[in-house]
Amino acid sequence: AVLSIIYFYQKLGCIREKLLPLIKNGRIKSFVDKGILMPFLVSFSAQIGTLPLTMHYFHKLSLIAFFINILVIPFIGLVVALGFLFFLISFLSFAFAQIFANFLEALLSLLVNSIEAAAEIPAAFFYIPQFSILSILLYLAVIMLLFNFKKKVVRNAGFAITLFLALILLTQSISETQRLNLVIMD
């Protein structure tokens with residue numbers, strides 16, 4: 001995830017460069033940049049790199065992870081900072097450290113419960129029956145293709161290849177299981 005953030009965050013910086021000039025108010029621009037765009041791009045960058053491994057090992061494709069991480073990433077930063085503060089307080093006063101530890105436990109419980117509640121949202125994720133090592137390599141090859149060519153035509157071709165490979169992998173997955181379940185919600 002860290003390598004993915006380092007590599008793709010820089011590549012996705014053009015999104016910030018295009019959106020921020022549209023906002024005239026300095027305070028709103030700063031809030032949108034630091035409070036929304038940067039956390040989203042960090043989350044998206046991490047997801048790009050970890051997505052194939054998640055699908056391979058957990059057989060799930062999360063649709064809400066990008067949005068939940070906008071809230072979770074800053075919250076975890078706060079919890080880590082408070083954890084260091086707790087460590088320092090523990091040397092000064094055991095009683096105060098115990099109260100502070102209870103507060104941190106409540107914050108972490110809130111975080112975990114929020115994530116679990118989000119996971120229960122209908123269609124929060126799709127089940128991926130099989131995502132092979134070959135699928136991972138194809139995914140990474142296509143992602144590198146998409147992020148390393150600046151010409152629009154090549155990027156569009158990369159998108160078409162991605163869709164084509166997704167269709168092949170989906171077809172291969174369905175044919176291997178010999179069963180297709182179709183659920184129609186009315």
Side-chain angles (χ1 to χ4, degrees), residues 1-5 7-9 11-12 15-16 18-19 28 31-80 82 103-143 146-147 155-156 158-186:
V2 173
L3 290 175
S4 183
I5 291 170
Y7 183 77
F8 292 111
Y9 184 78
K11 299 273 187 187
L12 293 169
I15 294 172
R16 287 177 59 219
K18 290 179 181 175
L19 290 177
I28 294 173
F31 172 76
V32 167
D33 186 31
K34 293 179 181 162
I36 298 172
L37 282 178
M38 289 174 71
F40 179 78
L41 292 177
V42 167
S43 174
F44 189 61
S45 298
Q47 294 283 335
I48 290 171
T50 59
L51 186 63
L53 297 173
T54 302
M55 291 190 298
H56 178 71
Y57 288 108
F58 301 108
H59 306 287
K60 291 181 181 178
L61 171 62
S62 175
L63 300 177
I64 62 168
F66 301 115
F67 305 106
I68 295 299
N69 283 342
I70 291 174
L71 302 173
V72 169
I73 290 171
F75 197 83
I76 287 177
L78 173 69
V79 168
V80 168
L82 291 175
F103 174 69
L104 278 174
E105 183 180 13
L107 283 178
L108 287 171
S109 293
L110 175 67
L111 178 65
V112 169
N113 291 337
S114 299
I115 293 169
E116 287 175 350
E120 296 297 322
I121 295 173
F125 64 88
F126 286 112
Y127 177 72
I128 307 293
Q130 179 183 2
F131 200 77
S132 65
I133 300 297
L134 176 62
S135 301
I136 293 172
L137 294 175
L138 288 172
Y139 169 87
L140 293 174
V142 170
I143 290 297
L146 289 172
F147 277 92
R155 212 176 303 143
N156 289 343
F159 182 70
I161 291 168
T162 302
L163 290 177
F164 179 71
L165 289 174
L167 183 60
I168 289 173
L169 291 172
L170 181 63
T171 305
Q172 178 186 15
S173 173
I174 290 171
S175 67
E176 286 177 5
T177 60
Q178 298 292 323
R179 207 174 94 210
L180 173 65
N181 292 328
L182 181 61
V183 177
I184 300 174
M185 301 176 80
D186 193 292

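The first residue in the sequence is number 1, and the count goes up from there.
In this structure a side-chain-to-backbone donor-acceptor pair under 3.5 Å is present from Ser4 to Ser45. Side-chain N or O atoms of His59 include none that pairs as donor or acceptor with a backbone N or O of Tyr127 at under 3.5 Å.
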Residue pair Leu111, Leu107: steps toward the side chain to side chain contact (heavy atoms under 4.5 Å, CB included) verdict:
CA-CA 6 Å; Leu111 178 65; Leu107 283 178; over 6 Å; no
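Considering only residues two or more places apart in sequence or on other chains, Ala124 meets the side chain to side chain contact (heavy atoms under 4.5 Å, CB included) condition with Ile64, Ile121.
Residues Val79 and Leu108 come closest through the heavy atom pair CG1-CD2, 3.5 Å. The heavy-atom pair separating Ile48 from Tyr139 by the smallest distance is O-OH, 2.8 Å. The two residues Ile128 and Lys60 make their nearest non-hydrogen contact at CG1-C, 4.0 Å.
In this structure, Leu41 CG and Ile5 CD1 are separated by 11.0 Å, a value rounded to the nearest 0.5 Å. In this structure, the separation between OG1 on Thr54 and CD on Gln47 is 6.5 Å, given to the nearest 0.5 Å. Atom OH in Tyr57 sits 13.0 Å away from atom OG1 in Thr50 (nearest 0.5 Å). Atoms CG and CZ, from Leu63 and Phe126 in turn, are 5.0 Å apart once rounded to the nearest 0.5 Å.
Heavy-atom contacts from other residues, nucleotides or ligands closer than 6.0 Å to OH of Tyr9 number more than 12.
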